[in-house]
Amino acid sequence: MDKRSLIIPLMAVTLVAPAMRAWASTQASSPPPEMPGPVPSGSPKFIPEQGTAPALLGPYDGQGQRPGTLLLQGSNADQSAGQVARAEHQRVQVGTYSAFGPRDVQIWQASTQAFVHRGDVIFHSAKLLGGTVGVSCDMCHPDAANTHPETYPKYQVQLGRVALLRDMINWCIENPVRGKPFRDDDVRLKALEAYILAQRKGVALNYGQH
Amino acid sequence: MPYRDLETRYTAEREAFFAGLGKLASLSRREFFRVAAASAAIAAAKGLFTPHGFQLIEVAEAAPMGVQPFTFAYLSDAHIYTRELNDRFVRSLIKAVDDINALSPQPDFVLFGGDLAQLGAPGELDLGAEILKEIKAPVKMMVGEHDWFFDLGEHWQGRFGSPHYSFDHKGVHFVTIMSVYEKDFWTARGLSPAERMLTVAGLDNGVQSRFEVGEAGRAWLEADLARIDSHTPVVVFSHSPLYKYYEPWNFWTDDAEQVQAILARFDHVTVIHGHTHQLLTNRIGNIHFHGMLSTAWPWPYAPEGLPKLTVEMNRADPFDNFDGCGDGRFDVLAAGMLDSVYNLWNRNPVTVKASYLASGGRKDRPDATKVVAY
């Protein structure tokens, strides 16, 4: 193999490695940002709450467990000897999907928030919506009020058919905002949906509500 | 109050009646009829049972003398762009002007509730002034934040004069105050006039300061009201609500309590405000608050802080660009209180009577929509 083809990747690694090390050292084991996390559906709580590091994860808890195994531990410090002995016998096979730690959660939440923020910016800008009459969504929906995304899908009487939230977003862009409706795979449409849904966190889903 | 049985109470009332009759005996016949009519009107406005003859004397004594019933109309929050950009709000404003010109009988005057322009541009304000010139009755102007924060009121004041003034009309004292001043938030951020205006135009960004009347405004108001007798009905025109409804959307006046304190000594105060673009009713102490409709678009109700007395209008149909908008009028009663009539476009009109507010919501509740608001 030609040694020259290794030069650039090696240079890249040498340049980036100190930066990565520096970044890693600044990462205290702090709790994830205050952004609300998804609500667990009843499965074991892998997502840290209130700043407590998860007590379940093998590869990241610095206890030298082999990757691929999970040691179930009680979070209570004073355990009886019998409990500890029982816990040690419960080894559960865990794959990559659930092998994540606080840093991963931070990255995912930051990415989600950035996408929601992108929708926020578009929501408040007639130009970015492609509107031609100086009307933006927040002129009728401050803080995405009165969008009630939890009621979709529903029969939208005025359209004469069942609609999803994205259909109403596109209808508004076409009519009061007087712009060209977005295609289904347009990232701007998705960002707007993300922003609207993010404003209704915790509101019970109630599709079909008129 | 010690318990008194039915007979004792009736006897006491008869004594009071005959004592009061002495005062009435000194009136001429015409004056007597005027007092009687005024008393009956006041009793009706206050929602008291009538005719309960013995009570009319007490009520008559508290009657503000010299208030002749009359009507004035309003249109508010036009938010117009220039026609080349967007003629939708212009058409709505023209529709409201036509409504008011078609009123029969004509109102005594017409209030414009503020926010004539959307982005405070001279072109928008001039276009708005041209359209408002078509109104046959005299127009009283009020300034809103959308008119002000592009050039800090320069063009608006050049066209329409001072943002606060007062006048008396048929026994009622009217005062218009500038209530959308904001503490400087733009210099530190280095915003241009256009950016400042865009920031103020956004309801839900937390960047702009909350509205206030300000120290100078309150001093002016106090000086103006100093010469007014406390029995004279006072009507205040203000763009911001003069109470605290919902801070994140600036449905709010920072110094509301201080302004209310200045108004507290009067028997009958009605505050008529714009900015909220919705059916809104409130009462704090003796002050009645009525929000005006917008001709341009309706705001949804805020998630919290809605006054208890408000009977909500249902959310607007987005497929009808006039729904939830409109204009209206106020009927000034002999009692010195006001009935508010909302002329909602494409909906039945809604009347919020003075007796509804005076009785704390127990009588004459305005019509409500059957549909649940959510």
Side-chain angles (χ1 to χ4, degrees), chain A residues 117 120-129 131-152 154 156-161 163 165 167-179 195-196 198-210, chain B residues 77 79-91 115 117-119 121 124 146 197-199 201-207 246-251 275-278 294 296-304 312-325 370-374:
Chain A
H117 176 71
D120 186 339
V121 169
I122 302 173
F123 194 86
H124 288 81
S125 161
K127 209 162 23 145
L128 291 173
L129 285 164
T132 53
V133 289
V135 171
S136 53
C137 310
D138 66 307
M139 279 160 79
C140 282
H141 300 285
D143 290 332
N146 204 23
T147 50
H148 31 83
E150 72 277 1
T151 62
Y152 290 95
K154 68 169 153 194
Q156 192 71 42
V157 178
Q158 304 95 330
L159 287 174
R161 61 170 194 271
L165 174 64
D167 297 320
M168 276 311 294
I169 294 173
N170 263 338
W171 181 90
C172 276
I173 289 174
E174 205 175 348
N175 290 279
V177 171
R178 214 63 67 82
Y195 171 72
I196 292 169
Q199 306 314 302
R200 291 297 263 183
K201 176 176 160 60
V203 178
L205 290 179
N206 192 14
Y207 84 96
Q209 179 177 358
H210 177 60
Chain B
D77 291 272
H79 292 270
I80 59 172
Y81 283 119
T82 48
R83 258 184 251 255
E84 308 80 54
L85 175 59
N86 183 346
D87 69 340
R88 172 182 148 192
F89 305 138
V90 172
R91 281 185 284 118
D115 283 352
Q118 165 63 0
L119 293 179
E124 294 165 357
H146 284 253
M197 185 64 248
L198 276 172
T199 307
L203 199 74
D204 57 356
N205 63 64
V207 175
Y246 189 59
E247 190 175 11
W249 291 353
N250 233 343
F251 286 179
H275 187 60
T276 45
H277 300 207
Q278 61 200 208
S294 160
W297 69 80
W299 287 128
Y301 286 105
E304 53 191 25
E312 294 175 33
M313 63 189 203
N314 185 43
R315 71 180 184 278
D317 177 2
F319 292 74
D320 172 359
N321 72 343
F322 290 130
D323 194 27
C325 307
K370 283 202 202 78
V371 187
V372 173
Y374 63 84

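Keep in mind the model is a prediction, meaning the values are calculated, not measured. Order of the sequence lines sets the chain letters (A, B, ...), proteins ahead of strands, with each chain counted from 1.
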Among the listed options A/Met139, A/His148, A/His210, A/Arg178, the residue most often paired with chain B at heavy-atom distances under 4.5 Å: A/Met139

[X] side, atom [atom1]; [Y] side, atom [atom2] - distance, nearest 0.5 Å:
X: B/Arg315; Y: A/Thr147; atom1: CZ; atom2: OG1; answer: 11.0 Å
X: A/Phe123; Y: A/His117; atom1: CZ; atom2: NE2; answer: 14.0 Å
X: A/Ile196; Y: A/Arg200; atom1: CD1; atom2: CZ; answer: 11.0 Å

Which bit of [X] comes within less than 4.5 Å of chain B, counting heavy atoms only: side chain, backbone, both or neither?
X: A/Met168; answer: side chain
X: A/Thr132; answer: backbone
X: A/Asn175; answer: neither

Is there a side-chain contact (heavy atoms from CB on, under 4.5 Å) between A/Tyr152 and A/Asp167 once you walk through the steps? CA-CA 10 Å; A/Tyr152 290 95; A/Asp167 297 320; over 6 Å; no

The single option from B/Phe251, B/Trp299, B/Tyr301 passing ring-ring contact (aromatic ring centres under 6.0 Å, His included) against B/His277: B/Trp299

Measure distances from B/Phe89 to the heavy atoms of chain A and classify the residue's part below 4.5 Å as side chain, backbone, both or neither. side chain

Is the closest side-chain heavy-atom distance between A/Tyr207 and A/Lys154 below 4.5 Å? no

Quick one: do B/Val90 and B/Glu124 satisfy side-chain contact (heavy atoms from CB on, under 4.5 Å)? Show the steps, please. CA-CA 10 Å; B/Val90 172; B/Glu124 294 165 357; over 6 Å; no

Residues 79-86 of chain B vs chain A, non-hydrogen distance cutoff under 4.5 Å, contacting residues -> B/Tyr81, B/Leu85, B/Asn86

Set out, in order, the CA-CA distance, both residues' side-chain angles and the distance that settles side-chain contact (heavy atoms from CB on, under 4.5 Å) for A/Leu159 and B/Phe319, then state yes or no. CA-CA 9 Å; A/Leu159 287 174; B/Phe319 292 74; 3.9 Å; yes

